Number of protein chains: 2
Amino acid sequence: MTPSMNQQILLNSRPIGEPKESDFALVETPIPEPGEGEVLNRTIYLSLDPYMRGRMSERSSYAAPLELGSVMVGGTVSQVMKSNHPQFSAGDFVLGYDGWQAYGISKGETLRKLRKLDPNPVPISYALGITGMPGMTAYFALLDIGQPQAGETVVVSAASGAVGSVAGQIALIKGLKVVGIAGSDAKCDYVVKELGFDICINRKTQDLSSALKAACPNGIDVYFDNTAGSILEAVLQHINKGARIPLVGLISQYNAENLPPGPNLMPLLIKRALIKGFLVGDYQHRHSEFVKDISMWLQEGYLKYKEDVVEKLENAPHAFIGLLQGKNFGKLIVQVSSDPTK
Amino acid sequence: MTPSMNQQILLNSRPIGEPKESDFALVETPIPEPGEGEVLNRTIYLSLDPYMRGRMSERSSYAAPLELGSVMVGGTVSQVMKSNHPQFSAGDFVLGYDGWQAYGISKGETLRKLRKLDPNPVPISYALGITGMPGMTAYFALLDIGQPQAGETVVVSAASGAVGSVAGQIALIKGLKVVGIAGSDAKCDYVVKELGFDICINRKTQDLSSALKAACPNGIDVYFDNTAGSILEAVLQHINKGARIPLVGLISQYNAENLPPGPNLMPLLIKRALIKGFLVGDYQHRHSEFVKDISMWLQEGYLKYKEDVVEKLENAPHAFIGLLQGKNFGKLIVQVSSDPTK
């Protein structure tokens, strides 16, 4: 890559089922010049998240589909290179939404969402995970919809992931029994030994329904659902009266060409339980509550956080394909350029 | 039937799929004598309700399955014949739970639930419908889970039924646009012309999803779900952000041998909507709120109520089989003996 050139990854074709590397195209373009009131950022870290799969499809989802040929979207932690905006200066570290590219211009809506980052007390990359959107998702979906009460039992799917790992740890802080579900023994080990979950079920080697029954002798009061599909179906067999299920993601079906059927809802009626969909964007007005608690818990050592860092933007497609297969271990980010804070 | 004998309908065999008449057995037994503290009732009206199908199965449901050979359960309006209990006297009209039989003894738990009925201002049979459990289900599920707001759009399935017809009329009182779904043109006519619903969709002759789209140009804010299954699936395509779905019944699957899959839950996430199961038994402590409102609305003429009265206990099995097929029109009750208040 010529140093004066930008590197971008475009949506080349709409995936059928699992994305392939050929669905992405790596191009080089000139580094853009920021216009009046605009900011030019150099991407240091790019966040890879399951929701991006939805944006690649034509299917209606909670955001408009990406146009073919446009830069893949995504949250970024960057350093400001040039600023024509009074609130930002060259050298600032910022959380933005520049997508899969080495340099991005913040303007209009993305400029309004651009936020300066303090490189202390936590690494700037955390803003893509535990102190950012995934952490905030865990925090509000668990506390607001899940209404966890000390002594209850919570089950968390995708338990070692960016959202699930935080949800489970917050539930521990709140005094619940926490049962994780993850896709490998290594992830289960991490969840129990490092994060302190009470139990973790390997959904690939164990019969989920009987393992849940054994792990939750008092039934399930809260299910933090990152996956939907067959995991939700198994959980519903063991929910308690008045159970609460925040539906935060449907990872199990993001690659599906046709939406598969969901679980039978009879248990909801019998147990007077609720499932409620959650999108973190609705909680921006309560961001400060989240920051206050999460910072305190991080400083006091109650929260642990694991990143899965992939080097170089060109490796983003491969890493993203693996993310949808559950191959990442911890919050998946791409290191696009060097981090001067390290 | 010998006048001195009781007539009872027993669960003869567990139905496979739709119940058959041979799953029931009509027997004559001596009229029982009430013991110390007990009450003997003569059944005037027996309520037939979809939930009874669940009690006939071995499958776990929200109540224990009936034993083979026991009297079919059900709510009843009766006249007290003999009372050994200070709170009841011969001649009283009572709401009880004597089941499918001509005479029943109230004792223990059923005695504690026995309630005296005033034959004014509404017919005593209403206690099995609009002023009883179905009406209370409509009232609390709509108001408590549905949280209807004036100007919003509500969709009600099984709209001419005992629960749906009341839910829709309460939504009208609250100022919502009300769209019913029913299984025949005659039912739709009734729902619109008699009850005042804005629109009713005949699910047997219309494509439900496109009909809902046309009927609800501003989307669906509340779905009062009596049925689940494919109706819920179609509704989910058109829900608004923050929609509320009280799940009150799953009529569509009560005859199913294996629980069918449910709808895909992606719309819940995208629209941050909620589905919550509802059982009216949880609301007994708020019975007086319901009675106050429903009595006022009935007296002021805001609520209309239709009964589908089948004569003679021996016809209960046939009527019940038809109920599960949607053949009833209005609240289905069996007139077991004469009503002295008429």
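Just so you know, these numbers use all the heavy atoms, side chains as well, and skip hydrogens, waters and symmetry mates. Note that the structure is predicted; figures quoted are calculated from it, not measured. The sequence lines fix the lettering, A, B, ..., with proteins before strands; numbering per chain opens at 1.
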Do other residues, nucleotides or ligands put more than 12 heavy atoms under 6.0 Å from [X] [atom1]?
X        : atom1 : result
B/Glu67  : CD    : no
B/Lys20  : NZ    : yes
A/Lys113 : NZ    : no
A/Leu68  : CG    : yes

Return the option, out of A/Arg244, A/Lys271, A/Gln253, with the maximum number of heavy-atom pairs under 4.5 Å with chain B. A/Gln253
How long is the straight-line distance from CD1 of B/Ile275 back to CG of A/Leu269, given to the nearest 0.5 Å? 11.5 Å
Select, from B/Leu274, B/Leu268, B/Leu247, B/Asn264, the one with the greatest count of heavy-atom pairs under 4.5 Å involving chain A. B/Asn264
For A/Lys276 versus B/Arg272, what's the shortest heavy-atom pair and its separation? CE-O, 3.9 Å
Tell me the closest heavy-atom pair linking B/Met266 and A/Leu259, and the distance in Å. CB-CD1, 4.2 Å
So do the side chains of A/Pro263 and B/Leu265 get within less than 4.5 Å of each other, counting heavy atoms only? yes
Checking heavy-atom separations under 4.5 Å from chain B, one finds in residues 227-243 of chain A A/Leu232, A/Lys241
Any pair with a residue in residues 147-168 of chain A that passes ring pair (Phe, Tyr, Trp, His ring centres under 6.0 Å), sequence neighbours left out, goes on the list, sorted by first then second residue, please. none
